Amino acid sequence: MAQYAILIFDDAAAGDDSPEQRAASKRHADDLIDSGAMIAAYALQSTDTATSLRGDVVTDGPFIDSKEVIAGICVIEAPDLDAALELARGNPAVRWGRGGVEVRPVAGGIAPISR
């Protein structure tokens with residue numbers, strides 16, 4: 001099965017999710033886990049915690065200044081893009097009206113290794 005990254009976007013000025021939004025996100029994650037599609041998922045802290053690198057320059061803040069920022073990522077397994085889109089469509093961020101999701105095929109990866 002192919003793997004797909006779901007990039008979850010939100011309005012940078014929206015602030016923290018409400019308890020209802022957090023509950024909806026948890027239900028969606030639980031559904032992905034129960035279906036066996038979920039590989040990994042991570043919520044990201046706000047962009048004011050970001051540090052960006054460009055060549056030898058280190059700056060506080062996100063790499064780009066944008067109205068929408070990546071709020072989290074999820075990696076799923078699905079038989080094809082249509083199935084991945086259907087799973088992503090269930091993400092509450094699609095319906096909140098302040099962000100959305102982007103689905104991209106994973107080109108490759110490196111599993112954690114022990115040394």
Side-chain angles (χ1 to χ4, degrees):
M1 240 190 267
Q3 291 185 344
Y4 296 87
I6 300 173
L7 307 173
I8 304 159
F9 290 87
D10 200 358
D11 185 320
D16 292 338
D17 292 343
S18 69
E20 294 81 13
Q21 289 170 318
R22 283 192 297 278
S25 293
K26 182 175 180 340
R27 281 192 304 275
H28 177 64
D30 288 344
D31 289 346
L32 291 175
I33 292 166
D34 292 345
S35 74
M38 177 80 75
I39 301 298
Y42 301 95
L44 302 177
Q45 292 188 16
S46 66
T47 56
D48 63 349
T49 65
T51 303
S52 298
L53 305 170
R54 290 182 186 199
D56 292 335
V57 179
V58 179
T59 57
D60 290 335
F63 190 74
I64 58 172
D65 189 20
S66 174
K67 179 184 174 206
E68 291 182 338
V69 296
I70 298 176
I73 59 170
C74 173
V75 177
I76 61 167
E77 282 189 334
D80 55 36
L81 179 59
D82 289 335
L85 291 171
E86 188 60 34
L87 291 169
R89 190 172 283 113
N91 191 304
V94 173
R95 298 180 299 281
W96 290 340
R98 62 182 214 197
V101 302
E102 176 181 319
V103 178
R104 296 173 62 178
V106 173
I110 301 171
I113 52 176
S114 300
R115 298 208 187 253

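It should be emphasised that the depicted structure is a prediction, and the values quoted were computed from it without experimental measurement. Residues take their numbers from the sequence shown, with the count starting at 1.
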Practice task
Go through the structure and list residues passing side chain to side chain donor-acceptor pair (under 3.5 Å) with Asp30, not counting sequence neighbours.
Solution key: Lys26

Practice task
Tell me, please, which residues at least two apart from Arg27 pass salt bridge (charged side-chain N to carboxylate O under 4.0 Å, His left out).
Solution key: none

Exercise for the section: Taking side chain to side chain contact (heavy atoms under 4.5 Å, CB included) as the test, write out the residues that go with Ile70, two or more places apart. Expected result: Phe9, Leu44, Ile73

Fill in the blank from the handout: For Ala83, the side chain to side chain contact (heavy atoms under 4.5 Å, CB included) test, sequence neighbours excluded, returns Ala78, Pro79, Asp80

Exercise for the section: Not counting sequence neighbours, which residues clear side chain to side chain donor-acceptor pair (under 3.5 Å) with Ser46? List them please. Expected result: Asp48

Problem - Partner residues of Ala71 under the side chain to side chain contact (heavy atoms under 4.5 Å, CB included) criterion, sequence neighbours left out - result: Asp10

Fill in the blank from the handout: Scanning both residues in full, the closest heavy-atom pair of Ala88 with Val94 reads O-CG2, 3.8 Å

Problem - Co-members of the apolar cluster containing Ile39 [side chain, <4.5 Å] - result: Val75, Val106

Completion exercise
Sorted by chain and residue number, the side chain to side chain contact (heavy atoms under 4.5 Å, CB included) partners of Gln21 (sequence neighbours excluded) come out as Asp17, Ser18, Trp96, Arg98

Exercise for the section: Any salt bridge (charged side-chain N to carboxylate O under 4.0 Å, His left out) involving residues 31-46? Give me the pairs, sequence neighbours left out, ordered by first then second residue. Expected result: none

Completion exercise
Residue pairs passing the salt bridge (charged side-chain N to carboxylate O under 4.0 Å, His left out) test with at least one member in residues 84-95, sequence neighbours excluded, are Glu86-Arg89

Exercise for the section: Indicate yes or no: does Arg104 engage Glu102 in a salt bridge with an N to O separation below 4.0 Å. Expected result: yes

